[in-house]
Amino acid sequence: MRFLSPMAFAFAAAIPVVVVFYLLKRKRVVKLVSSTLLWQKFLAETQASSPFQKLKHNWLLLLQILLLALVVFALARPFLAGTAKETPLRVMILDGSASMQSTDEKPNRFEKARAEALKWVDGLRDNEQMMILLAGATTQVKQSPTGDKAALRRALESCAPSDSPTRLAEALKTAGAFTFEKRGEAEVASGEIHLFSDGAAPDLEEAGNKNLPLIYHRIGQGGRNLGLVALDVKANPENPSQRAIFTAVANTFTNPITTDVHLLFDDQLLEVRSLTVAPTNTEPLVFIAPQNRDGIFTVRLTLEDDLAADNRASIVSRMPQPVKVALVTRGNRFLEKALRGPPNVELTVMPMLTDEAKAFDIAVLDDVVPVTWPAVNTLAIQVANTNWIERRDLIKNPAIVDWKSTHPLLRFVNFDNVQIAEAQAIKPPPWGIPLVESPQTPLVVAGEQDRRRLVWIAFDTLQSTWPLRISFPIFMANAVEWLNPASAESGALLVQAGKPFHLNLFEPVSSAKITAPDGRTQNLPIEAGTREIIFTDTSRQGTYRLQAGTNETLFCVNLLDPVESNIQPRQELPFGKYEKVQATTLKEANLELWRWIVAGGLMVLLFEWWFYHKRTV
Amino acid sequence: MASDLLTPDLLRRLEQLQLLAQRRTKSSAKGERRSRARGQSVEFADHRNYTAGDDFRYLDWNLYGRLDRLFLKLYEEERELPVRIFLDASESMAFGEIRKFDFARQIAAAIGYVALCGFDRVSVVAFPDHPEEAAVRGALRLVRGRKSALTFFQNLHQLTAGGSADLNQALRRGALEARQTGLAVVISDFLDPSGYESGLNALVGRGFQIDLVQVLAPEELNPGTYGDLKLVDAETGFIQEVTFGKFRLKAYQQTVQNYCQRLREYCQPRGINYFRVPSDASIEDLLLKRLRQAEVWK
């Protein structure tokens with residue numbers, strides 16, 4: 001036996017109330033009478049007379065008929081029809097991103113979304129089905145299509161918001177797969193997609209609308225929020241024993257907001273700074289702090305705003321280690337000097353590389369083709385026709401037309417006044433992305449293959465004006481930073497919520513255990529011989545502790561998403577350049593009325609009880 | 001002769017009444033009632049042949065002149081009418097704002113007084129027996145003559161109501177005890193769980209002319225107490241729980257009506273006069289109107 005509404009058993013709580021009524025002892029008045037003969041006859045006549053009698057006007061009878069009518073009416077499950085049309089399938093997508101934890105709706109946006117979705121479950125008709133998707137960093141199918149309201153309610157109750165940014169595209173693709181059906185050649189929408197979200201979704205453009213039967217239920221009213229949107233830690237260029245912690249605080253509210261910003265190292269308060277952020281502005285902040293051991297820097301906003309998830313961010317900071325660089329060159333003073341520039345660099349200059357350079361962290365090949373390709377991260381200048389780079393041609397005076405200034409390698413690097421005598425034209429390699437380009441060929445390529453990073457420069461720096469420019473030493477410093485395996489590793493220790501955490505292992509381990517910020521411990525399945533650990537359950541921000549074999553690694557999961565920190569709900573969802581979906585308030589769910597009717601019936605029942613006793617006394 | 005039971009004015013009016021006997025009396029004592037016996041009176045009854053030794057004074061000389069034979073004129077002997085009053089003195093009669101027993105005693109006093117004035121023999125049978133009232137009750141067993149009326153009233157006045165009565169048994173015993181039948185007046189509330197049929201049947205079978213007065217208290221006809229009640233029978237101690245509201249008053253009254261109607265229907269074919277009277281009713285109305293109309297007396 002199954003029950004459509006097992007919650008209705010809660011009404012059984014009314015049974016003790018009725019029993020209590022009957023437990024109340026009726027106080028009888030003792031009266032001496034001449035004879036009980038007439039009373040006995042009276043009772044016998046009124047109780048056991050003919051089976052039927054003439055119907056008399058009786059208020060109790062009317063009340064009981066009213067009660068019965070209400071019960072029957074409730075059993076018929078009447079509902080107030082909403083404006084929603086009947087459809088065979090409704091796919092409910094609940095946005096489970098961090099911004100849905102905003103408290104501008106009480107108790108928060110996610111609970112509001114859940115309550116709205118539950119209304120639609122209540123209004124589900126017998127011939128309709130519903131499906132529940134939870135869209136966090138990944139999309140989870142919480143309930144496959146069904147008409148079972150109890151299962152749908154259970155699925156909704158099991159949904160919980162995460163600290164991750166919104167990723168709606170995947171959820172919409174999943175929902176789209178269910179709501180279209182083929183009729184001949186054409187695909188026809190056979191359902192509706194209801195999206196309960198605040199609209200803070202940057203990935204909708206890639207989804208494309210494709211005429212999705214999407215109904216956007218906007219959740220949220222907009223509120224006051226100050227959020228950390230960036231966090232990084234570097235060695236202080238002026239004092240290598242100190243660390244520079246860079247962070248940025250964004251204000252998405254329409255008024256300026258003032259807060260205290262705390263910097264903590266391993267949960268010990270180092271510095272407090274007061275900060276006022278102008279409306280819709282982002283304010284960068286740099287803390288300088290000494291560090292004498294590996295630890296975690298945490299930046300905290302003390303303000304109590306509508307979204308707490310972005311008020312705290314942490315980053316793992318390790319003590320700087322010397323970077324061993326092998327420069328293989330026939331002589332390049334500019335390059336040598338530039339490589340000596342960054343702090344902690346131990347440079348070894350050699351004319352030829354004979355082994356895999358495993359003793360070094362970085363190998364720099366300056367126009368020298370080594371006998372053995374280095375097994376470490378490599379900066380290769382004009383080294384072509386290798387396994388990595390295939391040369392095609394030589395180009396005279398290539399003009400630099402574009403460079404990706406957003407890449408860490410080209411931070412603060414400008415190629416405006418750099419001239420090049422000749423460069424090698426290559427086929428763009430599949431592992432790398434071109435950073436500096438001429439019309440004919442990429443001039444600088446950076447990428448990663450076989451767990452090694454490679455930066456390739458297509459021209460001889462001595463055959464260009466680049467070494468004379470300020471951008472040259474900056475680029476080299478960036479390259480050392482990017483190629484340094486320690487910094488690459490520390491970069492991997494900062495993970496955005498919802499994104500997977502990768503850890504490369506030097507040697508295989510037999511077991512791995514991870515401890516979440518809430519203290520939950522989880523054993524990770526390890527395949528034999530694997531040299532990589534991937535952990536995907538990073539929906540909660542905080543510090544995770546990974547125990548792989550005998551090594552312990554800390555990594556931090558943070559939100560750090562300006563789009564998510566902007567908690568102003570979007571009135572429309574943009575799909576590409578031309579498509580958009582407006583938020584709707586018209587698609588009201590059907591409203592079932594039986595609960596109110598049952599409540600009314602209960603009141604009638606109580607009134608009837610009271611009325612009965614009033615009449616007999 | 002100021003009586004607590006009846007007012008002097010009512011007594012004066014009662015003196016003018018005379019009990020009507022539907023049958024000739026079978027009493028042996030002289031009185032003023034026609035009887036089957038032949039004797040001395042002014043009412044001619046029949047002739048019979050003269051036999052030696054007959055009193056010449058009763059010879060019909062006119063008949064002798066016409067027929068030349070001697071006939072003796074016979075006259076009806078006038079005898080008294082035995083009036084037997086069965087008075088219910090049980091506990092249930094002690095109820096009522098105006099006690100049913102008081103009212104019943106008034107009725108008994110009035111009927112007895114009318115009978116005494118008519119030179120009839122009055123016998124009051126109060127039941128159940130009360131040993132402590134044995135003397136009074138014994139005195140009430142046989143009362144004759146108008147001069148005894150005062151004592152009769154006083155004795156009636158000393159009667160008390162109490163105990164549990166068996167109406168059937170009392171009537172049956174009364175029927176057996178009576179040497180001559182006559183008028184039987186039963187005054188009771190007839191609320192006896194064992195019924196009244198066998199007792200009345202015994203009286204009817206014995207040949208009594210029966211008048212039946214049912215006295216009910218106003219509270220019994222129209223109860224004024226509502227709610228959840230625990231009723232205790234004064235006579236039997238029986239407890240009856242009942243939930244009674246105003247909306248059931250009519251149903252109760254109908255029950256009482258049905259009960260009385262059954263008693264009436266029982267009386268009618270047996271030639272019993274039935275009167276139902278509430279204890280707060282006017283005694284004059286009962287005595288001077290209703291009993292007169294029913295030809296209990298004239």
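In what follows, every chain begins at residue 1, and chains take the letters A, B, ... in the order their sequences are listed.
Under 4.0 Å is where a charged nitrogen must lie from a carboxylate oxygen, and between K119(A) and D122(A) no such pair does. A salt bridge does not link K289(B) with E284(B): every distance from a Lys NZ or Arg NE/NH1/NH2 to an Asp or Glu carboxylate oxygen is 4.0 Å or more. Salt bridge status for R137(B) with E133(B): present, with a side-chain N to carboxylate O gap under 4.0 Å. Using a 4.0 Å cut-off between charged nitrogen and carboxylate oxygen, R114(A) and E111(A) count as a salt-bridge pair.
Residue Y252(B) touches chain A through both its backbone and its side chain, counting heavy-atom pairs closer than 4.5 Å. Interface remark: E241(B) contributes backbone and side-chain atoms alike to the contact with chain A (heavy atom separation under 4.5 Å). Of the atoms belonging to N258(B), it is side-chain heavy atoms, and not backbone ones, that fall under 4.5 Å from chain A.
Each of V30(A), V33(A), L38(A) has some count of heavy-atom pairs under 4.5 Å with chain B, and the biggest count is that of V33(A).
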